[in-house]
Amino acid sequence: MPLTREQITQRAARELRDGFIVNLGIGMPTLVANCIPPGMDVWLQSENGLLGIGPFPTDDNVDPDLINAGKQTITARPGASCFSSADSFGMIRGGHIDMCILGAMQVSQEGDIANWMIPGKMVKGMGGAMDLVAGVKRVVVTMEHNSKDGGAKLVKQCSLPLTGQRCVHMVITELAVLELDEARRRFVLTEVAPGIGADEVKAKTEAEIIIGPGVKTIEV
Amino acid sequence: MNKVYETAAAAFADLKGKGVVRDGMTVMVGGFGLCGIPEQLILALRDTGVKELTCISNNAGVDDWGLGLLLQTRQIRKMISSYVGENATFEKQFLSGELEVEFNPQGTLAERIRAGGAGIPAFYTATGVGTPVAEGKETRRFFRPSEDTAYHNRQRQRGGAAATAPTAPPAPPAQQRDYVLETGLFADLALVKAHTADPIGNLRYNKTARNFNPMMATAASFVIAEVEELAPLDEIDADGVHTPGNFVDRVVRTVSVKRIEQRTVRKA
């Protein structure tokens, strides 16, 4: 059975480590915040200038001056800090963020990522995505394994304009978990969804991938 | 010295005459989404009737608020932004070719403004290398600053260790990576939003409404700040000032609407 969106999110949350500073992308990655293991201290950074995102506010606690990168109203947890966009991206570019989790339209076999524009369609802009993939220590992508028309999203070479080059460390889809082998510059299949075979993953992937020794089943 | 004006309109009243507000000028406007935008100053700028603006702002407001208002009146010719999602007026004018757009990665935009205000003409960044953003720009290889330090530490250790016994195997040399040259930005006018100001223009921001405002306050020939509270001189602690008053030309206290784009709540 392929993973549900919730299960992909839960699998991504298992990449978090105690004390990590983490930036979560808009959409599915944002939901990782709900899956932080109890007792683990993870600090969420919002690129519009907050370190220490708290839960969403209650109705009488909404503050228009306190939002996340998705423009949602949020709260700040005890110990949080506010800073300018220049400081925020200094934090990101300077390698002071341990991990980011974000979505993608395409990831190449060398770890390139494309997630901001489709030529011929209305371009909304890259926001902070290019800075995040260029500066954060570990880049985890959560995405559907294939596009709606069945085409591969893990490809030999991205056909879409890039967001960043050779920057993705891990890809989590409804079918599999793949980790980049830096020396060989290829993704290694390390985990498959329950009931999914390594051959099926390979068949649905255009990128040249390495089937790791001892491929595990994703715990759900 | 008193930089305080009673209304946003009053703060703009003589600026055309002084040549500060003129067609074709470049304006920086603070804010992230609708958070921390100088909303009443945007309305006052619209009412001056100035045209052919180049606007440097992370976003472009929504159809009927923020910079969206100046798009509706077709006063903006070009936007320099990182993301312009929620605006149908923008989309229409962009697709028809009326509106020119230059997309900058958000961190690059923030740093270009910071650099411009700090007198730095250009800087190298790894952001955007290998993407359309780097096309036509100079690229150069450097060590990442943190790796540069680590590399020189290793060099020194190896030199010292050679006299005694080699302990650890020599570490692989640090890898240089590509960086792209980006230029500083400076505007004719900056409109910023802060929470508190004093009569000489010292500013304090509130929470994530700070965003692009502090850098923009340093990167324009003329700076107007919209605030919610005016504090008497000396009430803002010197250590608590976010933007020193010398950067700010005029201050206006307004009653802000502070519209929320995505009101998201949990059950109490």
Side-chain angles (χ1 to χ4, degrees), chain A residues 46-50 55-76 80 82-96 112-114 116-117 119 122-135 161-167, chain B residues 32-36 58-59 81-87 91 94-95 101 103-111 113-115 125-133 144-146 177-178 195 205-215 242 256-268:
Chain A
S46 192
E47 65 258 32
N48 54 319
L50 178 70
F56 289 121
T58 53
D59 202 43
D60 53 1
N61 220 6
V62 168
D63 183 347
D65 285 347
L66 193 51
I67 63 167
N68 65 16
K71 282 107 181 176
Q72 294 171 306
T73 47
I74 51 167
T75 59
C82 291
F83 32 84
S84 72
S85 303
D87 285 342
S88 178
F89 283 94
M91 204 180 269
I92 290 165
R93 207 188 297 107
H96 308 282
D112 297 348
I113 179 171
W116 75 284
M117 77 174 279
M122 174 66 196
V123 187
K124 294 186 168 183
M126 69 291 280
M130 287 190 181
D131 308 278
L132 283 161
V133 298
L162 294 187
T163 306
Q165 238 175 1
R166 292 178 159 225
C167 52
Chain B
F32 180 93
L34 298 180
C35 179
N58 188 54
N59 313 97
S81 304
S82 87
Y83 187 84
V84 295
E86 351 296 335
N87 197 317
E91 197 167 327
F94 175 66
L95 292 174
V101 183
F103 284 117
N104 282 197
Q106 195 176 150
T108 296
L109 181 62
E111 192 64 13
I113 299 165
R114 197 193 71 82
T125 175
T127 302
V129 168
T131 77
V133 163
R144 200 174 174 129
S146 55
R177 66 193 292 207
D178 285 328
H195 184 270
Y205 305 94
N206 188 40
K207 305 194 179 85
T208 55
R210 188 181 319 195
N211 54 63
F212 282 81
N213 288 299
M215 296 82 76
H242 293 152
S256 309
V257 178
K258 294 216 247 185
R259 213 192 269 189
I260 294 173
E261 263 178 273
Q262 305 281 343
R263 188 187 181 90
T264 312
V265 295
R266 71 188 146 100
K267 291 204 173 72

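Each chain gets a letter, A, B and so on, in the order its sequence line appears, and its residues count up from 1. Please read all numbers here as calculations on a predicted model, not as lab measurements.
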Q.
Between A:G49, A:G90, A:G127, who has the most heavy-atom pairs with chain B when the cutoff is under 4.5 Å?
A. A:G127
Q) Looking at A:C167, A:G95, A:C82, which makes the most heavy-atom pairs under 4.5 Å with chain B? A) A:C82
Q. Which residue out of A:N68, A:D65, A:T73, A:L162 racks up the most heavy-atom pairs below 4.5 Å with chain B?
A. A:D65
Q: Flag the pair A:R166 / A:D112 as yes when at least one side-chain heavy-atom distance between them is below 4.5 Å, and no otherwise.
A: yes
Q.
Tell me the closest heavy-atom pair linking B:G128 and A:M130, and the distance in Å.
A. CA-SD, 4.0 Å
Q.
Please enumerate all residues that pass side chain to side chain donor-acceptor pair (under 3.5 Å) together with B:D178, with sequence neighbours excluded.
A. B:R141
Q) Checking side chain to side chain contact (heavy atoms under 4.5 Å, CB included) against A:K71, which of B:N59, B:I260, B:L34 comes through? A) B:N59
Q) Do the side-chain N and O atoms of B:T127 and A:D131 include a donor-acceptor pair separated by under 3.5 angstrom? A) yes
Q.
Between A:L132, A:I74, A:T58, who has the most heavy-atom pairs with chain B when the cutoff is under 4.5 Å?
A. A:T58
**Q.** B:F94, part contacting chain A, at a heavy-atom distance under 4.5 Å
**A.** side chain
**Q.** Interface residue of largest heavy-atom contact number with chain A, from B:R210, B:R266, B:K267, under 4.5 Å
**A.** B:R266
Q) Considering only heavy atoms, which portion of A:T75 lies under 4.5 Å from any heavy atom of chain B: side chain, backbone, both, or neither? A) neither
Q: Give, as side chain, backbone, both or neither, the part of B:R114 having an atom under 4.5 angstrom from any heavy atom of chain A.
A: side chain
Q: Would you mind telling me which of B:A126, B:P214, B:G33, B:G85 has the largest number of heavy-atom pairs within less than 4.5 Å of chain A?
A: B:G85
Q: Below 4.5 Å from any heavy atom of chain A, which atoms of B:K258 appear? Answer side chain, backbone, both or neither.
A: both
Q) Where does A:V133 contact chain B at under 4.5 Å (heavy atoms): side chain, backbone, both or neither? A) neither
(Q) Any side-chain to backbone donor/acceptor pair from A:N48 onto A:I67? Under 3.5 Å, distance only. (A) yes
Q. Checking heavy atoms, do the side chain of B:T108, its backbone, both or neither come under 4.5 Å from chain A?
A. both
Q) Okay, side chain of B:T131, backbone of A:G164: is any donor-acceptor separation there less than 3.5 Å? A) no
Q | Partners meeting side chain to side chain donor-acceptor pair (under 3.5 Å) with B:Y83 (sequence neighbours left out) | A | none
